[in-house]
Amino acid sequence: MRYIFGRIVSAIFVVWFVITLTFMLMHAIPGGPFSSEKVLPPAIIDNINERYHLNDPLLKQYLDYLKNMAYFDFGPSYRYQGRTVNDLLQEGFPKTALLGLSATILALFGGVAMGVTAALKQNKMLDYVIIFLVTIGISVPSFVLATFLQYYIGYELHWFPPLGWGEVKNIILPVIALSAYPVAQIARLTRAGMLDVLTQDYIRTAKAKGLAKSTIIIRHALKNALTPVVTFLGPFFAYILTGNFVIEYVFNIPGIGQFFVTSISNRDYPVIMGTTVLFAALLVTFNLLADIIYTLLDPRIKLTGREGA
Amino acid sequence: MNIRADSFSPLPKDLKKAISERSATTFGQDAWQHFRKNYLAMGGLAVLVLIMVFSIIGPFFSQFDYASNDLMKTNLFPDWIHPFGTDELGRDILSRTMYGTRISLLIGFGSVVINLTIGIIYGGISGYLGGRLDNLMQRIIDIIFSIPDLLYVILLMVTFGAGIQNIFIVLGLINWVPMARIVRGQVLTLREQEFILAARILGAGTGKILFRHLLPNSIGPIIIVSALQIPTAIFMEAFLSFIGLGIQAPLVSLGSLVANGRMNIPSYSYALFFPALTIALLMLSLNFIGDGLRDALDPKLRR
């Protein structure tokens, strides 16, 4: 319990660090957010700066920003007139969450299924096919894969729509592109874990007891084989979150990732900051959850803070 | 005890041969012997060498410049003069792919040099000096580590602005963290060993112990991490260029070529195909080499 409390405190600290870092970076950029537009009379620029509190002392801006963050208020967007960052995030979040969740499910089930199959058929044709797919999944960058899927499956074969959002068939290609890398990693880890576990004594005991093969694999082997997979969960969530940027951009899905990428070229600093902080907070939460799951699965790992403490 | 000169006699020649029959294998030779037997890694090495030759020497044999337009020859289908075709401004895609690969390789290998420098110094100091300083330095690393690199990289690129030297700076600022962790871990375990104690008794200073004794003994893990970071750096640069934050025209990288090819995709798919194939092959070969090096340099992983 004490360890979890400590972890929560450090998680809050990390989020504070990210908020401060993004704030400093965004204010370190030479020229205000409105200086790239066509030349305006100084009075108007002053007016705009006043409206967005850009004339306040930097420390006051920072404290105000921190205070608003505590209430989950990310401020107004500089580009989309009259809309707040919260509006944009709320609009994009369900799409991003659906995409991320589907990719997570596909990655976990697909990856584990592929890994187990490869391990059971070790050094047979199916094993080699899976290893080949895994290698492709690990090596080909997601945006290249996304573009390829979009072109060959979308434009050429017309199996699924290459762009857009709204129908079930729209989600297929983005989810495949997004989950290719985690599927490959999970399959690789599962295969290695299964091969390791299947030679152990307790599996032989289970076989000797006459248990069905499926029972042995699911109840006995898989549980222990998945431990390395759980350690991958932290990087996995990070990958799904940041992978969304480019997938949504390529497939033109109006989620948070796309807002993030377009706000970069628009220099819409509040959106960049808000998205970064949201992602950081989500990620820190997921990492915490992954750690807790890890201990539940493997009681040998004790969650102690520091040795002796 | 009484030892006289005639207590000793030379060994007969054939017996001498029998005693010292094998020469010692150095760490490098041992690793190379294992690496050589790994067909995937050797294949990766061959492909990487081919790609390097293609990108470094190739442009000297090409009659086309990567940046010069020819508006009479836009969007040509691949033929003998333009084996990869031309893009929407009539630029030869083969030349552009070769130059783009050059930039990607430069960033991949160059940023690893930066990571090595920062990571070794940071990790070495943190691990060797230990104590409160180590604790503080590790907390900093923990914070950086808990947020995905890509997020920092994007934020820093937004702040610094696009361009090749900023890519180096930003990748250098972020990617040293895994290196520092590995170096620290190695130093922590090694510094308690007897040979370090011996060196200290002989009067070696901190710097000498670190650079002459600790780091050479950690060379295996350092090489492994470096090898696996090259594809990461190449991927990050390609990603940045793909979303318009990386290499700026007229320079090209594989990422900006893929982004450019994507614009023309419905009608001119070859503009996408060749750069994408190159980047996939490059990543594949680098990953195989990295895995092979890990197996060869880490005796614990050997079965």
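Sequence lines set the chain letters: A, B, ... in the order given, protein chains first and strands last, and positions in each chain run from 1. Side chains are part of it too, since the values below use all heavy atoms of this structure and drop only hydrogens, waters and symmetry mates.
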Worksheet item: Side chain, backbone, both or neither: which part of A:F260 has an atom under 4.5 Å from a heavy atom of chain B?
Response: side chain
Fill in: B:M283 versus A:S139, closest heavy-atom pair with distance
CB-O, 3.1 Å
Practice prompt. Can you measure from CG (A:L283) to CG (B:L151) and round to the nearest 0.5 angstrom?
Written response: 8.5 Å
Worksheet item: Given side chains that start at C-beta, do those of A:V144 and B:F242 come closer than 4.5 Å, heavy atoms only?
Response: no
Worksheet item: Given a strict heavy-atom distance threshold of 4.5 Å, which part of B:A259 is in contact with chain A: side chain, backbone, both, or neither?
Response: neither
Worksheet item: How long is the gap from CD1 on A:I138 to CG on B:L284, to the nearest 0.5 Å?
Response: 10.0 Å
Fill in: Side-chain touch A:F143/B:I243, heavy atoms, less than 4.5 angstrom
no
Item to complete: Look at the aromatic rings of B:F239 and A:F245 and report parallel, tilted or perpendicular, splitting at 30° and 60°.
Response: tilted
Item to complete: Measure distances from B:I154 to the heavy atoms of chain A and classify the residue's part below 4.5 Å as side chain, backbone, both or neither.
Response: side chain
Practice prompt. Using a cut-off of under 4.5 Å on heavy-atom pairs, state which of A:L25, A:L21, A:V140, A:V14 scores highest against chain B.
Written response: A:L25
Worksheet item: Under a 4.5 Å heavy-atom cutoff, which of A:I272, A:T275, A:V250 has the most pairs with chain B?
Response: A:V250
Worksheet item: For the atom pair CZ (A:F17) and CZ (B:R139), what is the distance rounded to the nearest 0.5 Å?
Response: 14.0 Å
Item to complete: Below 4.5 Å from any heavy atom of chain A, which atoms of B:L286 appear? Answer side chain, backbone, both or neither.
Response: neither
Discussion item. Between B:V158 and chain A, with a heavy-atom cut-off of 4.5 Å, which part of the residue counts as in contact: side chain, backbone, both or neither?
Written reply: both
Discussion item. Please give me the minimum heavy-atom distance between B:F235 and A:S142, naming the atom from each residue.
Written reply: CE1-N, 4.4 Å
Discussion item. Using the side-chain hydrogen bond (donor to acceptor under 3.5 Å, both in side chains) criterion, which residues pair with A:T276? Sequence neighbours excluded.
Written reply: none
Discussion item. Is B:I279 in contact with chain A via its backbone, its side chain, both, or neither, using a 4.5 Å heavy-atom distance?
Written reply: side chain
